[in-house]
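Read the structure below first, then the notes.
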Amino acid sequence: MRESPRLEEQLSGTLVKESTNQRRAKAPTIEKILKMKLNIIAPNQTEVHLNEKLADSSKKAVFFFSYSTPVAAKIGTKYYKTEDKFSRTTTRHINSWLEDVKHEVKPQAWFEKAMLIPYGQAIAAEVIKM
């Protein structure tokens with residue numbers, strides 16, 4: 001089993017002093033690995049941006065959460081909204097986020113499945129067609 005680089009340096013006697021910022025710059029971040037970004041819009045309103053850095057806009061996705069429930073999405077250029085009925089507050093959140101754009105209505109299970117799979121794979125296209 002390979003030891004950590006810091007431990008190897010200590011054991012070999014070639015300890016190199018690195019600052020915390022230098023180590024952070026080298027370390028992969030979630031955004032670099034997953035191409036995901038969390039955007040808190042307001043209390044209890046959050047967006048999760050997937051594949052934001054891709055040039056192909058058809059593979060970009062934004063999922064909108066009210067409280068902890070995904071209730072709307074924008075995938076490529078199409079918007080989606082849950083068919084389930086929630087509280088007045090969640091309904092206001094959804095309507096505010098969609099801002100009168102044309103959207104398709106999908107079952108709540110569609111949003112939950114879309115969030116479980118690694119977006120961008122072939123199976124994602126099948127979930128969107130559901």
Side-chain angles (χ1 to χ4, degrees):
M1 184 170 102
R2 188 170 186 271
E3 301 292 341
S4 72
R6 300 272 298 163
L7 185 58
E8 285 180 6
E9 290 170 356
Q10 289 173 353
L11 294 175
S12 68
T14 59
L15 182 60
V16 176
K17 195 73 172 169
E18 280 185 333
S19 71
T20 303
N21 288 339
Q22 288 171 324
R23 286 194 305 276
R24 283 183 186 150
K26 286 185 192 178
T29 63
I30 290 175
E31 189 174 331
K32 290 177 188 173
I33 296 169
L34 300 176
K35 297 181 178 86
M36 180 188 324
K37 183 177 135 191
L38 186 68
N39 182 25
I40 299 170
I41 299 170
N44 302 314
Q45 297 180 58
T46 307
E47 291 176 335
V48 175
H49 295 256
L50 303 172
N51 296 331
E52 185 178 62
K53 294 186 175 186
L54 294 180
D56 183 1
S57 64
S58 68
K59 293 183 180 178
K60 294 179 183 180
V62 179
F63 286 88
F64 175 72
F65 285 73
S66 179
Y67 297 92
S68 60
T69 307
V71 291
K74 178 184 178 194
I75 299 175
T77 58
K78 294 178 97 178
Y79 286 85
Y80 303 91
K81 172 184 166 181
T82 183
E83 69 182 4
D84 288 9
K85 301 297 179 203
F86 290 97
S87 68
R88 278 191 224 165
T89 306
T90 294
T91 302
R92 265 195 324 255
H93 291 170
I94 295 168
N95 292 337
S96 173
W97 191 77
L98 289 172
E99 296 180 337
D100 297 324
V101 296
K102 289 186 178 184
H103 57 272
E104 285 185 39
V105 177
K106 296 284 188 180
Q108 184 61 34
W110 181 88
F111 291 94
E112 292 162 4
K113 285 180 185 176
M115 291 302 299
L116 289 176
I117 60 172
Y119 186 74
Q121 294 183 357
I123 195 163
E126 292 180 24
V127 171
I128 291 170
K129 291 176 185 174
M130 259 177 67

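- From Phe111, atom CZ reaches atom NZ of Lys81 across 10.0 Å, with rounding to the nearest 0.5 Å.
- With sequence neighbours left out, the ring pair (Phe, Tyr, Trp, His ring centres under 6.0 Å) criterion links Phe64 to Trp97.
- Val48 and Ile40 sit in two unconnected hydrophobic clusters of ILVMFWY residues. Membership requires side-chain heavy atoms under 4.5 Å apart, directly or through other members.
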Check step by step if side-chain contact (heavy atoms from CB on, under 4.5 Å) holds for Gln108 and Thr69. CA-CA 9 Å; Gln108 184 61 34; Thr69 307; 3.4 Å; yes
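- When all heavy atoms of Ile75 and Ala61 are compared, the closest pair comes out as CG1-CB, 4.0 Å.
- Under the 4.5 Å side-chain heavy-atom criterion for ILVMFWY residues, no single connected hydrophobic cluster contains both Tyr80 and Leu98.
- Remark: Asn39 engages Glu47 in a side chain to side chain donor-acceptor pair (under 3.5 Å) (not counting sequence neighbours).
- With hydrophobic clusters built from ILVMFWY side chains whose heavy atoms lie under 4.5 angstrom apart, Leu38 does not share a cluster with Val71.
- Cluster annotation: Phe63 is not connected to Tyr67 through the hydrophobic network of ILVMFWY side chains, with a link wherever side-chain heavy atoms come within less than 4.5 Å.
- Annotation: the span from Lys60 atom NZ to His49 atom NE2 amounts to 11.0 Å, rounded to 0.5 Å.
- The structure places CD1 of Ile94 at 10.0 Å from CD of Gln45, a figure rounded to the nearest 0.5 Å.
- Rounding to the nearest 0.5 angstrom, the gap separating the NE2 atom in His93 from the OG1 atom in Thr46 is 10.0 Å.
- Heavy atoms of other residues, nucleotides or ligands lying less than 6.0 angstrom from OH of Tyr79 number 12 at most.
- Under the side chain to side chain donor-acceptor pair (under 3.5 Å) criterion, Ser87 pairs with Thr90, sequence neighbours left out.
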